[in-house]
Amino acid sequence: MITNAFKHIEGNVSIPRRKHLVLLVLLLGGFLHHASAVTNETPRDTVLINGQIINITANVEIDTVWKRPEKSPFRKWIDDADFIALGRFGLEIGRDDVSQNDFYQVKNDIRYPELSLEAAHPFDASFQWYYRGGVSIALSQIFDVESVNENAVGYEWEGLDVFEIYTTDVDVLGNEYDTISAPIRLTPKLKLALGMEWHGVMRAAEGWVWGAQLEWLPKKNEVAKLYPTPELGEPDPVSSDQTYDIIRHETNALQVRAFTSWSAWNSPLFLRAEVSWAPTLSTAWVALGYRW
């Protein structure tokens, strides 16, 4: 009976089978404990590749209240504007001969290339029409009145060489003539401009720009007429200021300039042809420029 009691229990479950069940529970409990320990010890923000830990670090801040600061109106204008630098060469149309029998004419001719810095900005309602402005500077010749010799009696010229004739006291018998270069100097000439231009965008007109502007010279041009020395037997001029005249009504402080320019393949370099007009002066120009 004792043997039968150990062999059979209620429910017909044998002792060996219970032993196996207990071992299975213990095994599963140990595995779960080990898995939990491994999970707790291993960081969750790592990745294992071929046994190597790859660290991934992230620092993300999300602020739904922050807004990108708006640009100032001046900064917006700068971003939309085009800037142009160019050098131009000009020649007067219908130029009069500066050298005549009765006088020599000194005009404010530009002797070196004129340099310009310009800015163009599109109108708000158009991407083809621009308003523009700029400043130009060049060297031009003038007759320096302040440097005229107080004993000057006239001027002589040979081609572009002009000489001032003045008297010197050498002895009691009379005066003699001496010669120096006429006081013709180079001085900076400044011009301010304001106008409009149109940009072609169609295939046949792409790269072309047409425009016009009004230019103002803060210091108006002047024309000087130099008179020759008197003939033998004629009295010398009373004073040196009678040997020349400054003509101001033959020049203008305002002039109009029209131009057309072309650039190839959307290049920033361009060629420009220009014509400027004033009641007393007309000139034609060729310019090479860079636009950015």
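What you see is a predicted model; the values in this text were computed from it and never measured.
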| Trace of the side chain to side chain contact (heavy atoms under 4.5 Å, CB included) decision for Asp245 with Tyr227 | CA-CA 8 Å; Asp245 281 327; Tyr227 301 113; 2.5 Å; yes

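- Side chains of Glu197 and His199 form a contact here, defined as non-hydrogen atoms less than 4.5 Å apart.
- Linking ILVMFWY side-chain heavy atoms closer than 4.5 Å, directly or via other members, places Val148 and Val162 in a single hydrophobic cluster.
- In the displayed structure, Asp124 atom CG is contacted under 6.0 Å by at most 12 heavy atoms of other residues, nucleotides or ligands.
- Here the side chains of Arg257 and Val275 are not in contact, with every heavy-atom distance at 4.5 Å or above.
- Counting heavy atoms from C-beta on, the side chains of Asn149 and Glu164 come closer than 4.5 Å.
- Shown here for Lys220 and Arg248, the closest heavy-atom pair between the two residues is NZ-O, 2.9 Å.
- Note that CG of Leu139 and OG1 of Thr187 are 8.0 Å apart. Values are rounded to the nearest 0.5 Å.
- Atom CD1 of residue Ile165 and atom OG1 of residue Thr179 lie 3.5 Å apart, to the nearest 0.5 angstrom.
- Inspection of the Ser263 and Arg291 side chains reveals no N or O donor paired with an N or O acceptor under 3.5 Å.
- Side-chain contact annotation: Asn151 with Thr167, donor-acceptor N/O pair under 3.5 Å absent.
- Side-chain contact annotation: Arg185 with Gln141, donor-acceptor N/O pair under 3.5 Å absent.
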| said: Walk me through whether Lys107 and Glu222 qualify under salt bridge (charged side-chain N to carboxylate O under 4.0 Å, His left out). | reply: CA-CA 7 Å; Lys107 304 180 70 172; Glu222 296 177 346; over 6 Å; no

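- With respect to the salt-bridge test (charged N to carboxylate O, under 4.0 angstrom), the residues Arg75 and Asp79 qualify.
- By the criterion of side-chain heavy atoms lying less than 4.5 angstrom apart, applied directly or through intervening Ile, Leu, Val, Met, Phe, Trp or Tyr residues, Trp277 is not grouped with Trp285; the two fall into different hydrophobic clusters.
- Think of Leu271 as one node in a network of Ile, Leu, Val, Met, Phe, Trp and Tyr side chains linked at under 4.5 Å; its network also takes in Leu288.
- Put simply, the side chain of Thr243 never gets that close to the backbone of Gly154: no donor and acceptor are under 3.5 Å apart.
- The shortest distance between side-chain heavy atoms of Asp80 and His121 falls below 4.5 Å.
- Hydrophobic cluster membership differs between Val256 and Leu194, with clusters built from Ile, Leu, Val, Met, Phe, Trp and Tyr side chains linked at under 4.5 angstrom.
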| said: Val153 vs Tyr166, test: side chain to side chain contact (heavy atoms under 4.5 Å, CB included). Steps then yes/no. | reply: CA-CA 5 Å; Val153 295; Tyr166 66 98; 5.8 Å; no

| field | Worked verdict on Lys191 versus Glu118 for salt bridge (charged side-chain N to carboxylate O under 4.0 Å, His left out) | value | CA-CA 12 Å; Lys191 291 190 293 187; Glu118 306 168 349; over 6 Å; no

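- The cluster map of Ile, Leu, Val, Met, Phe, Trp and Tyr, joined by side-chain heavy atoms under 4.5 Å apart, puts Leu269 and Trp292 in the same cluster.
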| Hey, mind stepping through Ile78 and Phe83 against side chain to side chain contact (heavy atoms under 4.5 Å, CB included) and telling me if it holds? | CA-CA 9 Å; Ile78 291 292; Phe83 296 94; 4.0 Å; yes

| field | Verdict with reasoning, Lys189 to Glu215, per salt bridge (charged side-chain N to carboxylate O under 4.0 Å, His left out) | value | CA-CA 12 Å; Lys189 175 189 289 185; Glu215 296 181 341; over 6 Å; no

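- Between atom OG of residue Ser261 and atom CH2 of residue Trp208 there is a gap of 8.5 Å, rounded to the nearest 0.5 Å.
- Once rounded to the nearest 0.5 Å, the distance linking CD of Gln105 with CD1 of Ile247 reads 8.5 Å.
- When all heavy atoms of Pro183 and Ser147 are compared, the closest pair comes out as CB-CB, 3.8 Å.
- Between Pro122 and Tyr131 the shortest heavy-atom distance is O-CE2, 4.1 Å.
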| said: side chain to side chain contact (heavy atoms under 4.5 Å, CB included), that's the test. Do Asp144 and Ile184 meet it? Break it down for me. | reply: CA-CA 6 Å; Asp144 188 1; Ile184 300 175; over 6 Å; no

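- Between the side chains of Ser282 and Glu92, no donor-acceptor pair of N or O atoms lies under 3.5 Å.
- Considering every non-hydrogen atom in both Pro218 and Leu190, the closest pair reads CD-O, 3.1 Å.
- Cluster annotation: Val223 is not connected to Val106 through the hydrophobic network of ILVMFWY side chains, with a link wherever side-chain heavy atoms come within less than 4.5 Å.
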| task | Before giving the answer on side-chain hydrogen bond (donor to acceptor under 3.5 Å, both in side chains), spell out for Ser116 and Arg88 the whole-Å C-alpha distance, their side-chain angles and the decisive distance to 0.1 Å. | result | CA-CA 8 Å; Ser116 294; Arg88 59 167 64 99; 2.9 Å; yes

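- Closest of all the heavy-atom pairs between Leu115 and Gly87 is CD2-CA, 4.1 Å.
- Minimum interatomic distance between Thr280 and His249 (heavy atoms only, all atoms of both residues): CG2-O, 4.5 Å.
- The aromatic rings of Phe143 and Tyr155 lie perpendicular to each other, with more than 60° between the two planes, well past the 30° mark.
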| request: Quick one: do Trp157 and Tyr104 satisfy ring pair (Phe, Tyr, Trp, His ring centres under 6.0 Å)? Show the steps, please. | output: CA-CA 8 Å; Trp157 52 87; Tyr104 182 92; 5.7 Å; yes

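- The other residues sharing a hydrophobic cluster with Val209 are Phe259, where clustering joins ILVMFWY side chains under 4.5 Å apart.
- Relative ring orientation between Phe74 and Trp77 is described as parallel, the plane-to-plane angle staying below 30° on a 0-90° scale split at 30° and 60°.
- Side-chain contact check for Thr283 and Ser276: at least one donor-acceptor pair (N or O, by modelled atom type) lies under 3.5 Å.
- Trp210 CH2 to Trp198 CH2: the interatomic distance, rounded to the nearest 0.5 Å, is 5.5 Å.
- Considering CH2 of Trp216 and CG of Leu192, their distance stands at 6.0 Å, rounded to 0.5 Å.
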